[in-house]
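Here's the structure we're looking at; comments come further down.
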2 protein chains.
Amino acid sequence: MNRRTSARLADVARIAGVSLSTASRALADPRLVHPDTRTRVDDAVRMLGYVAHGAARALASRRSRTIGAVVPTLDNPIFAHSTQALQRALGEAGYTLLLASHDYDAGTELAVTRALVERGVDGLVLVGTDHSPELYQFLARSGVPFELTWALDPDGHHHCIGFSNRLASLRITQHLLSLGHREFAVVSGHTAHNDRARERVAGVRDALAAHRLRLPAHRYMETAFSIASGRSALGALLDRDDAITAVVCGNDLLAFGALLECAARGVGVPAQVSVAGFDDIELAAEVAPPLTTLHIPTTDIGRRAAERLLARLAGKRVPRAEEVPVELVLRASVGPVRKSARRKKG
Amino acid sequence: MNRRTSARLADVARIAGVSLSTASRALADPRLVHPDTRTRVDDAVRMLGYVAHGAARALASRRSRTIGAVVPTLDNPIFAHSTQALQRALGEAGYTLLLASHDYDAGTELAVTRALVERGVDGLVLVGTDHSPELYQFLARSGVPFELTWALDPDGHHHCIGFSNRLASLRITQHLLSLGHREFAVVSGHTAHNDRARERVAGVRDALAAHRLRLPAHRYMETAFSIASGRSALGALLDRDDAITAVVCGNDLLAFGALLECAARGVGVPAQVSVAGFDDIELAAEVAPPLTTLHIPTTDIGRRAAERLLARLAGKRVPRAEEVPVELVLRASVGPVRKSARRKKG
DNA sequence: TTGTACGCGTTATCAT
DNA sequence: ATGATAACGCGTACAA
């Protein structure tokens, strides 16, 4: 560990023949120094291979040029995608992303968020509105500005960028209802510590209630957000009840798994629906339609979250809540109700 | 921005009635102080909602408890997955992940790596061995320890954790050859600034050469790593040449796209192969077999990268190169050569 | 436009 | 076991 301590700004200043503060200014805002001195400083920097010491810089300037993001998991492509967009937007603005995930555990979320704040992030990006009171309290005390994403804050207290998961889900269910479907099932992700999942299920129930329909308990399944889970969940549902004609899935991974199960059984569930969409996986529709998806602009969510946060850090005002447009994508093959699914085995 | 400056360690010390250094010790290593003083310090911490100032800590201790990761993109599930594993392992060890991506651009990679080093990361995790001389030089000068992942360094100079993409690809191709296939096509990811992609193609050529076979230019396609690209690439290949009986794809996204194209055309390409596997997407095999995959332990790569790096930071010695096992997964439906693919349209 | 000098909040060294 | 004090490397009034 006897790594020779690298060049400091003082060294740069000495080589360039200027004072420390001049060197500092030359790097912070080149317009503040004489062109000649600037080039001399730049030369010295190159010569020494000088790399600024972020910690010292952060300590003195009280900003780290760092933004923290806390996501449930990167294994869900939608979060990987929006995080990718977030990182890109931040990078272009000279900011660096500190990333943490919590696997849908509130305790972990608080711990990792604390770790990020401790690292001195200038701002935070969280997913959803469903966070423990302790977390909200911690955020308030720490004073770090934050953005909630993938949902809209119902109380309007917090800054957020997203969409109404409930309305989106309502919309897609209404569409199926308009096609004549009455026998619904739902494959949801786990709803604990997950407002998006809960809202999506609620949206289905809302739409059904408007038609005096209910979602029976045996047609509701909650599982992990993965293709494999989606597949086995639909399998279990169809084993229990083969009158089902429409399935609303909590996201595209679940929907894709459901499609696979249909394909394996050789049944054509008349309307296979995904509430959350991810461009690439939507192609799955071509394997085993019918599928209706709600296209969610994951990229926009990440990018706008970054832009909003940076704007706030720059002292600009931004609307507290911002809604991203969500688009219903209808497959050509989605049609009116046909004969119910039939089991192969059993 | 006149956010009241939060509690400092000095405040904690004052409230606890101890000196600054005692407070510091109580937090750094509780065993160093008297149990009574420790509880008094802890109480004061809770009372004030004290959160350590990472920058000051890093400045004084010369370590940031932060590790940087530079990946091509999180949009590729394999990197999302290994990054997720990396973040988890780091988090459990009290480290935080700084993440950056470069979209397969060498210039961007250098820039973001520099940004991470500037933020004071204690170590770095990179993907692959294919980095610009400038980057390697920068890493050497900065002295930051780093791990290369997803490949093995051919020269054995750098610390790495991964597998031989070339041998893996060779193996899968040999398997197809053993089934009697002779008419190969390859759908590869872009090979610029991507040693993994290049090695995978090379592995196919190696295997073919051993049978005195070549890969004609018109049966080779290079495209972006995505499902959509995989699909259209195979479409183009089949349009050109319908004698193809086996397709080796650069990764699972491409392979899945290829499967979709086969399904859409109603052809059964006798052996549809993916060189890189990702558990969930392997389920696609059930939609449109035949598919052979190489299962890669993405989680292990991320976790081991973290463990190796942290071990090195702790002064322990680790083998310079570590290979993760890669497993050939054969689908039941993969059989010997059948009649070639036939085009639907054209 | 440039330089001086102080402070940022913590750890580490050295006493006690 | 605890306390005083000197770094740590940089930003930024303030002065020149």
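Hydrogens, waters and symmetry mates play no part in the numbers below; they use all other heavy atoms, side chains included. Each chain gets a letter, A, B and so on, in the order its sequence line appears, and its residues count up from 1.
For B:Asp130, the salt bridge (charged side-chain N to carboxylate O under 4.0 Å, His left out) partners two or more places apart in sequence, or in a different chain, are B:Arg198. The salt bridge (charged side-chain N to carboxylate O under 4.0 Å, His left out) search around A:Asp300 returns A:Arg303, not counting sequence neighbours. Evaluation of the side chain to side chain donor-acceptor pair (under 3.5 Å) rule for B:Arg14 yields B:Asp11 as partners, not counting sequence neighbours. For B:Ser19, the side chain to side chain donor-acceptor pair (under 3.5 Å) partners at least two apart in sequence or on another chain are B:Ser21, B:Thr22. With sequence neighbours excluded, the residues forming a salt bridge (charged side-chain N to carboxylate O under 4.0 Å, His left out) with A:Asp43 are A:Arg46, listed by chain and number. Among residues two or more places apart in sequence or in another chain, the side chain to side chain donor-acceptor pair (under 3.5 Å) test is passed with B:Glu322 by B:Arg304, B:Arg308. Listed by chain and number, the residues in a salt bridge (charged side-chain N to carboxylate O under 4.0 Å, His left out) with A:Asp29 are A:Arg31 (sequence neighbours excluded).
Residue B:Thr37 places at least one side-chain N or O closer than 4.0 Å to OP1 or OP2 of D:dT2. An OP1 or OP2 oxygen of D:dG9 is reached within less than 4.0 angstrom by no side-chain nitrogen or oxygen of A:Tyr50. When the side-chain nitrogen and oxygen atoms of A:Arg62 are compared with OP1 and OP2 of C:dG9, one or more of them lie within a distance under 4.0 Å.
Legend: salt bridge (Lys or Arg N to Asp or Glu O under 4.0 Å) pairs involving residues 102-111 of chain B, not counting sequence neighbours, sorted by first then second residue: A:Arg88-B:Asp103. Residue pairs meeting the ring-ring contact (aromatic ring centres under 6.0 Å, His included) criterion with at least one member in residues 9-54 of chain B, sequence neighbours excluded, do not occur.
Remark: C1' of C:dC8 and CG of B:Leu9 are 14 Å apart, rounded to the nearest angstrom. One atom, CG of B:Leu32, and another, C1' of C:dT13, lie 14 Å apart when rounded to the nearest Å. Across the protein-nucleic acid pair, B:Leu48 atom CG and C:dG9 atom P stand 14 Å apart, rounded to whole Å. Rounded to a whole Å, the CG atom of A:Leu59 is 8 Å from the C1' atom of C:dT10. In this structure, A:Arg38 places its CZ atom 10 Å from P of C:dT2, rounding to the nearest Å. Remark: P of D:dT2 and CZ of B:Arg31 are 15 Å apart, rounded to the nearest angstrom. As rounded to whole Å, 6 Å separates atom P of C:dG9 from atom CZ of B:Arg8. Residue B:Arg57 contributes atom CZ, which lies 20 Å from atom C1' of D:dC10 at whole-angstrom precision.
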Under the ring pair (Phe, Tyr, Trp, His ring centres under 6.0 Å) rule, what do B:His193 and B:Tyr104 come out as? Steps first, then yes or no, please. CA-CA 6 Å; B:His193 189 48; B:Tyr104 299 98; 7.5 Å; no
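For the segment residues 111-120 of chain A, the set of residues with a heavy atom within less than 4.0 Å of an atom of DNA chain D is empty. Residues of residues 12-25 of chain A that place a heavy atom closer than 4.0 Å to DNA chain C, in numerical order, are A:Val18, A:Ser19, A:Ser21, A:Thr22, A:Arg25.
Checking side-chain atoms of A:Thr83 against main-chain N and O of A:Phe79 turns up a donor-acceptor pair under 3.5 Å.
Mapping B:Val33 and A:His53 onto DNA chain D via the closest heavy atom, the residue that lands nearer the 5' end is B:Val33.
Side chains of A:Leu99 and A:Leu74 form a contact here, defined as non-hydrogen atoms less than 4.5 Å apart.
Stem list for DNA chain C (at least 3 consecutive Watson-Crick or G-U pairs, distances under 3.5 Å): C:1-16 with D:1-16.
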